[in-house]
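One structure is given below, encoded as structure tokens.
Values reported hereafter were calculated over all heavy atoms of this structure, with side chains retained and with hydrogens, waters and symmetry mates removed.
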Amino acid sequence: MTQIDDRTEDDAQTPRLRFAPSPTGFLHIGAFRTALFSWLYARHSGGKFILRIEDTDLARTVEGAVEDFNDGLAWLGMDVDEGPVIGGPYGPYTQVQRKALYQQYAHQLIESGHAYHCYCTPERLDEMRKEQIANKLPPRYDRHCRYLTPEQRAEIESKGTSWVVRFAMPLEGETVVPDRLHGDMVFKNSDLDDTVILKTNGLAPYHLAHLVDDHLMKITHVIRGEEWISSAPRHVQIYQALGWKTPLFYHVPNVLGKDKKKLSKRRNAPSWSDYKKQGYLPEAVFNFLALLGWAYDDKTEIFERDELIRVFTLDKIGISAGIYDADKLLWMNGVYIRKLPLAELVERTIPYMERPEAEGGLPEAVARPLDRAYTTRVLELEHERLKTLGEAAEIVSFFFEKEIDYDLSILIQKKMDAEGTRSALERTRDALNTLPNWEHEAMETLLRELVITLGIKNGQLFGAIRTAVSGRTATPPLFQMMEVLGREVSMRRIDQAIAKLS
């Protein structure tokens, strides 16, 4: 049985953790969750957080993906200590620039007998896999090139045949992968094939490249998704073949949807930019992500950033999958919005309101830029109801539109008819015209007295007024709303409602 380094967390050097995305696509929010665990522990422990771009899969590289990684980290407030932009002592921090290093260590493994050139063509490998599947065998490399003699290799290479480098896994025994969350995980070496560690273009795939980089960059803790558990014994064996200590492994649980299936882009998993466009606060998303697979206790859910850094420890990461609950995130975002000072709410919401109508902003007929003082009064009324900044434009549009449109049926209240509603609104108009000052307290006192005079219920009169001045059935408190709308707008809309009912 192969054993590896048994350092404790306390024995390790100053923690160095990394986020190493591949630019083969734009990451969904679950990937940023795993990066957040590394960032939080780096900040908690006084360590370093490194960004490294694993871009050796040139054929699948997506333009703009690297910029998206950087922008996502910045939006979430996850600052980087070392990386492609900021630099650092262990650069370069993009793998295509480290090609010579991978070739150096692949050659070292060949020289020590731990790796070999493989000349098998893609066609041969495809036929091999088809035959294995037909025979109900697990598809894996059959080690055809592992035992070629030096003479055979020389003859093949004299023909200019291209090759890859494969790592020669032990054929017997077991490999133990000590994991800080799962404990020691034991794998039979006979179940593992000889994986490719250097491609024909001279670049290394993940299995060698990340390992070389982690060692040379002095990474102490590797926090990655549990889907890498099956590859971990190969990584342990390569570490041993190179004579290096392994970092501390934490294979964290996946993030699942409510249907208990893994969150993925193929299944419309949201990205950080989706949240930004919808008006989620980064501090709320940050808090939410930290709780996907980690918990401080069984009750605390709202954490300020500094508090989360202070209490975050790796031993509180669970082994059960984190469940992505969009409803919980929406609730949490509402909590954070309500905590914002009014002035900050206004500054952060106005850009969403002023964007084009097609992108969720106010109708194009509404003049931009918005009046800050008036918008502040409007948002003060809506502060408690907002769940995202992006929904503000739709919720408050009637405060800004010159004309409002609504179905006449919602104007007529329960157990009232058109004539009764029209009459009640006419009496309302006449009463409001007597007010010397347009203040909500005076309006409320006056109209509550009118309800008694008319012999109807508060909800009937106030519901009709609410719809008349807003076109909505649900709004902020009626009289505060009318005060903000102003006398002219409110009275004009009541007159228009009366005309609709005539």
Side-chain angles (χ1 to χ4, degrees), residues 28-30 32-33 36 72 75-77 255 257-259 263 268-292 299-305 307-308 322-363 366 370 372 374-401 404 406 410 466-467 470-478 480-481 484-485:
H28 63 74
I29 205 66
F32 281 97
R33 184 290 309 260
L36 178 59
W75 186 73
L76 287 165
V255 179
K258 281 189 173 181
D259 58 2
L263 208 64
N268 299 316
S271 68
W272 71 269
S273 57
D274 294 328
Y275 289 136
K276 182 180 180 181
K277 289 173 186 175
Q278 294 168 30
Y280 283 84
L281 302 183
E283 53 266 46
V285 177
F286 182 95
N287 188 158
F288 175 75
L289 292 180
L291 300 181
L292 291 177
K299 57 186 178 182
T300 311
E301 294 189 304
I302 303 299
F303 292 89
E304 296 296 335
R305 181 180 298 262
E307 181 186 11
L308 197 48
I323 304 299
Y324 174 80
D325 185 342
D327 294 333
K328 182 175 180 179
L329 173 58
L330 188 63
W331 163 80
M332 187 174 286
N333 200 63
V335 171
Y336 273 86
I337 285 179
R338 290 190 289 277
K339 290 167 64 177
L340 290 177
L342 178 59
E344 185 178 350
L345 173 71
V346 172
E347 290 304 311
R348 295 174 73 166
T349 306
I350 281 182
Y352 289 91
M353 297 170 65
E354 290 183 339
R355 63 188 177 181
E357 182 177 6
E359 297 175 14
L362 288 168
V366 176
L370 299 177
R372 281 286 198 280
Y374 179 67
T375 305
T376 297
R377 296 181 67 199
V378 169
L379 290 178
E380 184 176 18
L381 292 181
E382 295 286 3
H383 199 163
E384 292 297 314
R385 293 205 306 155
L386 283 177
K387 292 181 180 177
T388 70
L389 304 183
E391 69 181 4
E394 193 281 327
I395 290 177
V396 306
S397 61
F398 69 89
F399 280 102
F400 296 88
E401 295 172 294
I404 58 173
Y406 52 90
I410 67 171
R466 185 185 311 279
T467 302
S470 71
R472 313 286 178 90
T473 57
T475 67
L478 174 61
Q480 287 95 324
M481 176 182 71
V484 171
L485 278 168

Which pair of non-hydrogen atoms, one from [X] and one from [Y], has the smallest distance, and what is that distance?
X: Gly361; Y: Ala393; value: C-CB, 3.6 Å
X: Thr475; Y: Ser470; value: CG2-OG, 3.4 Å
X: Pro270; Y: Tyr275; value: CG-OH, 3.3 Å
X: Ala269; Y: Leu263; value: CB-CG, 3.6 Å
X: Ala392; Y: Met353; value: CB-CG, 4.3 Å
X: Leu389; Y: Arg348; value: CD1-O, 3.5 Å

- Taking the six-membered ring for Trp, are Phe400 and Tyr374 ring centroids under 6.0 Å apart? yes
- Query: Mind checking whether Phe288 and Tyr324 have ring centres under 6.0 Å apart?
  - Reply: yes
Side chain [X], main chain [Y], donor-acceptor under 3.5 Å:
X: Arg33; Y: Ala290; value: no
X: His383; Y: Pro341; value: no
X: Arg466; Y: Pro476; value: yes
X: Asn333; Y: Tyr280; value: no
X: Glu380; Y: Leu342; value: no

First locate atom [atom1] of [X], then atom [atom2] of [Y], and finally report the distance between them rounded to the nearest 0.5 Å.
X: Thr376; Y: Leu381; atom1: OG1; atom2: CG; value: 11.0 Å
X: Leu362; Y: Glu401; atom1: CG; atom2: CD; value: 8.0 Å
X: Glu283; Y: Leu308; atom1: CD; atom2: CG; value: 13.0 Å
X: Ile337; Y: Leu281; atom1: CD1; atom2: CG; value: 5.0 Å
X: Lys387; Y: Gln278; atom1: NZ; atom2: CD; value: 14.0 Å
X: Ser271; Y: Lys277; atom1: OG; atom2: NZ; value: 7.0 Å

Using the test side chain to side chain donor-acceptor pair (under 3.5 Å), find all partners of [X] that sit at least two apart in sequence or belong to another chain.
X: Glu347; value: Arg372
X: Tyr352; value: none
X: Lys258; value: Asp325, Asp327

So do [Y] and [X] actually touch side chain to side chain, heavy atoms under 4.5 Å?
X: Leu76; Y: Leu36; answer: no
X: Leu386; Y: Leu345; answer: yes
X: Leu291; Y: Met332; answer: yes

- Row check, Phe286 ring normal vs Arg305 NZ/CZ: under 6.0 Å, within 45°: yes
- Derivation and outcome, side-chain contact (heavy atoms from CB on, under 4.5 Å), residues Thr375 and Leu379: CA-CA 6 Å; Thr375 305; Leu379 290 178; 3.9 Å; yes
Can you name the salt bridge (charged side-chain N to carboxylate O under 4.0 Å, His left out) partners of [X], sequence neighbours left out?
X: Glu384; result: none
X: Glu391; result: none
X: Arg385; result: Glu382

- Query: Without hydrogens or angle criteria, can the side chains of Asn287 and Tyr336 be said to hold a donor-acceptor pair below 3.5 Å?
  - Reply: yes
- Identify whether the distance between the nearest side-chain nitrogen and carboxylate oxygen of Glu301 and Lys328 falls below 4.0 Å. yes
- Task: Tell me, with the steps shown, if Tyr406 and Ile404 meet side-chain contact (heavy atoms from CB on, under 4.5 Å).
- Result: CA-CA 7 Å; Tyr406 52 90; Ile404 58 173; 4.0 Å; yes
